[in-house]
Structures are given as structure tokens and as C-alpha cells.
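What follows is a set of notes on a single structure, which appears directly below.
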Amino acid sequence: MPTITPSLEILRHTFGYEQFRAPQEEVIATLMSGQDALVLMPTGGGKSLCYQIPAISRPGAGVVISPLIALMEDQVNALRQAGVAAAALNSSIQPREIRETEEALRSGQLDLLYIAPERLLQDRTLRLLQQCQVNLFAIDEAHCVSQWGHDFRPEYLQLKVLHERFPAIPRIALTATADPKTRLEIIERLGLQRARIFTRSFDRPNIRYHIHSSSQGARNALLRFIRDHHDGEAGIVYCLSRKRVEEIATWLQAEGLDALPYHAGLSADERRRHQQRFQRDEGVIIVATIAFGMGIDKPNVRFVAHLNLPKSIEAYYQETGRAGRDGLPAEAWMHYGLQDVVQLRQMIQQSEADQQRKQMEGQKLDAMLALCETTQCRRQTLLSYFGETLAQPCGNCDNCLTPPATWDATVAAQKALSAVHRTGQRFGVQYLVDVLLARDDPRIQQWGHHQLRVYGIGKELSANAWRALFRHLLLRGLVEVDSEGHGGLRLSPLSRPILRGEQTLTLRQHDNAQPRKKEKVQEIPASDKALWEDLRQHRRALAQTQGVPPYVIFHDATLMEMLRLRPLSLASLATVPGVGERKLAAYGESFLAILLNHAGRS
Ligand code: ADP
Ligand code: ZN
């Protein structure tokens, strides 16, 4: 007999959390009253509970549309651990289980049903749902309706059918994509004009941002970063191409790290295996193209590294957002080079897209480059892109922690720009640097460029410094890449004030690839290490027996609270965040035994 339970009771008893986070309670109340909602919250903000609690609380089942099968499986596992009747319908599930799920749905025994959009849209499924008691529709990753976005899923465009066929059932759409344009598209395409909109700050205060550039040494910088800061921890390394993914994964393996490649060129089976290892084991590093990520809700990813420049701030924000969903300290680290800027600009120029789209992509890239180049707080710059204001510098990004030194690069820039101009605006960086340094390049004689005034006028800087300077000129849009695709540079109108001496140019001096060592982000005190390891070991054993990822048993945050609070009775263990009734009954005794054992020892 389904009774209407107050939401807070479900939060406490089923999920083991004491308080709602803003705006969870209001979203839940909105759905309970039968109204639609649109929820814009950052990754890790706690979107799932917004629909899970009303779905559990109201009679019937909540139907969740989710674009990725791996994600569904994870959510269903986690809900079952908490004692919630949850199931999924998608192409990876056996016919027998599908029949059972449909039966449970018909007889009102399910609380939550996760379903892939293509399956939902089948007429058979829609008819099934019409025969059952559905208490809400949740459309997860709602930005997949946006054709401009990078996660576009055509089936999402047809989800308006829910509104037409089930006008009385409240709908909730959720996304972590913040830009206003996508928001409007979601409302329009899903018919959510009447929905209440809930937004929360997109700040992810637990993520520390590092961005640096140089013309060499990406691999070693990455290795040092992982070894010094994230030894044995889970992370994602993003690269632009499959080839580079393979190369980096192989190299990290050879260095003794537990790294696995992930890209569209691997077989479906390999991809699944690698993803599963990442989800289930503790310290796996996935080296991936952007094909990896959407729907990864592993909460304890401790770092996301980019070995290339993302195309836009949206992409960067979404990819880095996969770190630290559990709220514990995490790092976003990026290393990019001149070649990235040239390549991305060329990709935009040479694409088949229409002029309007090219222009938009160019602007997005410019905003990304401005973020890379800023000497201000990264978080303030990031958030202002999403229309938010952060009053104070954050104190948790590279620029805040180590304010970058700057130098007056006006004269050097004039020389570099003149070199571009005098050589006819068609040569690439390598050649221009050779001219500036009067290097031995046979083409120089051939073109007669040894007679130019700019020939050899740049000896005060090294070749690397010149390359860095050209990178900055590109970043700032003072020079542009030619559209023929040879990487030749030409002046942009923005370069004139510098050439005429009407404007100065101040640049970052040296890019420091390594965060300061003493600021390792997540540190377990030495006195707690043994207990921490025992708790983790026990969690791993439980997870293995059940074939689920360890975090489905308890999150790291929950284990860390056990370390801090040292509960010595079941009653006090029950107060640890993340320990709900079902988990207390299933695992309480065994975790308590470990805690008691350590208390006796010390
Ligand atoms: P999102 O879907 O927004 O990325 P999740 O729903 O996965 O975020 O939640 C992120 C984490 O926050 C999860 O570990 C979840 O259990 C936890 N969480 C959610 N709501 C609360 C709450 N009210 N109190 C404590 N932890 C919460
Ligand atoms: Zn900052």
C-alpha cells in the first residue's frame, strides 16, 4: 500500500542525508504539485534526488529518460543499494528481464524506471506507459536536444510527444549546461514553457583549475602532475585524436600507471570493458577522445587533464566537471600548445558549415583562448562567461595561488608582426622564427628574406620564447591563420595599434606546468591511513561480490566522514552522511567491526 511519505523522511532514511541542498526541496514540491520543472545545476549538484524522491514518494513509477546505458546501469545499482525498486529498459537488457520489469511496472511495484530515448519513443513502449501509473517524466541531460551543442541526440527532439500524450503528468528536465541559448532551446523543443526554472550557481569550488601552455614537454608535465598529485587516483586524460590517445595510454602504461585508452576506433566490447574498469576499480586513468564522458558519473574522479585545447568554454567546463562530483578536492589541468590554436582555427575555417556557424565557433574558441590567457582568477573568468559574478578571486586556481609574472612584450610583438608583414603574410611560425633569429633555413635565401630589415632582429629571445609570443598573438587575435590550410599567418586589423605603438602588450612570463607540490589536494592524515585502507579494502570486497563499482556501496565522502567521526555504534554510524537505512542494515555491522577494531588498537 503506497503511502505518501514526506520528502525529508525519504532523504534521511533512504539516502542517509540530513538536509536538502538548494533548490532540491522546492523542485520536489513543484513536481509533487503536478507542475513541470527545468533544473539547471552543475555536475555533482544533486540533480538526481530532485526526481527520485517525488518518484518514490508518489504512487506509481517515475520514468527517467537517460541518453547513456552505462549511466542507467549505475543509477539503478545505486538505487537498489538504497532499497529503492528501480529498473532499466534498454537494448543491453535480456528479454526475460524486460518482461519482468514490464510486469513490475504494470503491477505498481516499481519506483523508478530508466529508459533510453529510442526505446521510449517506440509505440509499444508509449502504449505500455499509458496502461501504467506514471508519476513523472524526468528528462536527464536535457541539453541533448540542442543541435548547436556537442551532445546532440536526434531522438531528444521527439520527446515533445510526452507532453502531447501525457499532458497531466509532470515533467522535469535537467542539465548541467549553463548557457542561456541552450536553456531557451530546451524550453522550446521540449514544450516546457510553463515549467518553473531552477538555477544554481555553476561554480564548482572544489575543482582547482590549472592552465598552461608551452611548445614542448606535454607528456612529461602530465606524468609529473599525476605522480606528484594523484598517485593511485582515478582520472581522465583528454586528447584530440585517436592516435594521440593510443600513444599517451601506451606511454603511461610503460611508466607503470594503470591507464586505458578510450575512443571511437575501439570495438564496442573494448570500450565497454575499459569503461567498466574505470567505474569499478579505484585508480584507473582513462585516456580518451571527447567520445568518453557523457554519462560518466563516477563520483571520485580526482583529476581531468587536457592535452589539447577544447573548442569552447562549454566543452571545457563540461569535461572538467567530471572531476570531483563527490565534492572532495579535485583538479582540472590543461596543457596546450601553439599547434592546437592553429589546428582548431583551421578546422573551423575549413569545415563545411555555413558562415554563421563558423563565426559562432570562432567566437567560442576566442572565449576559450581568453580564459587560457588571462592573468586574472580563472574561476571569475569562467563564471562570467556563464553570466555569473564571483565577487572575490577564488583562491583555488593557478592564477590565484601563484600570480603569474608578466612582461612588456610590446617591442617583441612589433618585431614579430613586422616579420609577418615583410615576408608577405603567408609563412608559418617556424619560418618566421628562423627569420627573426637569422637561422640557417635554405628557404630564406630562396625568398630573399635575408635582405629584410627584420632578418635577425630577434636575437634577444630564444626560439621557444618567440614561439610562445606567436601563440599569444594568435590567442589575442592579432594574427590569423590563413584559410589555405598551410598554417601561414597574416595580420588582423587588431594588430595595427600595436604596430603603430598606440597600444602596449603585456604577457604572462613563464607558464609553470606544475602546481606547487605542497598543495596536494586530498590528503589522508598519516594516523588515519591504516583505517582508511581497511575501509576501502572492505568496500572493494563487497563491491566485487556484487559486481558493482565501490562507490555504489559507499562514496569516498562517506568513508572520509567515518574517518573523521569514528562512530563506534550502529546508531552513530547511522548519522554518517550517505548511510541510509538499507545500507546500515546491509553493511553497518561489518564496517562497525573495522572501526571498533581500530579504536581498540589505538
Ligand atoms: P548531478 O546529477 O547533479 O551531477 P548527483 O545527483 O549525482 O549530481 O549528486 C551528486 C552527489 O551529491 C551524490 O553523491 C549525491 O548522493 C550527493 N547529494 C545529493 N543531494 C545531497 C544532499 N541533500 N545531501 C548530501 N549529499 C547529497
Ligand atoms: Zn582563482
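Because the structure is a prediction, the values reported are computed rather than measured. Each ligand, and each atom within it, is numbered from 1 in the order the structure gives. In what follows, residues are counted from 1 in the order of the sequence shown.
Around the Zn ion (ligand 2), the protein contributes the following N, O or S atoms under 2.8 Å, ordered by chain and number: Cys377 SG, Cys394 SG, Cys397 SG, Cys400 SG.
Sorted by chain then number, the residues whose non-hydrogen atoms approach ligand 1 to under 4.0 Å are Tyr17, Gln19, Phe20, Arg21, Gln24, Pro42, Thr43, Gly44, Gly45, Gly46, Lys47, Ser48, Leu49, Arg325, His555.
Figure legend: cation-pi geometry between Lys298 and Tyr551 absent, as NZ or CZ is not positioned both under 6.0 Å from the six-membered ring centre and within 45° of its axis.
Every residue two or more places apart in sequence or in another chain was checked for a salt bridge (charged side-chain N to carboxylate O under 4.0 Å, His left out) with Glu388, and none qualifies.
In this structure, His306 has its ring center closer than 6.0 angstrom to the ring center of Tyr316.
For Arg153 and Glu141, the salt-bridge test fails: no basic side-chain N is under 4.0 Å from an acidic carboxylate O. A salt bridge is absent between Glu331 and Arg302: the closest approach of a Lys/Arg side-chain nitrogen to an acidic carboxylate oxygen does not fall below 4.0 angstrom. For Asp228 and Arg224, the salt-bridge test fails: no basic side-chain N is under 4.0 Å from an acidic carboxylate O.
Under the 3.5 Å distance criterion, the side-chain polar atoms of Gln24 are matched with a main-chain donor or acceptor of Arg21.
The ring pair (Phe, Tyr, Trp, His ring centres under 6.0 Å) with Phe303 is formed by just one residue from the set Tyr209, Trp333, Tyr238, Phe225; it is Phe225.
Applying the side chain to side chain donor-acceptor pair (under 3.5 Å) test to residues at least two apart or on different chains, the pairs with a partner in residues 36-48 are Asp36-Arg171.
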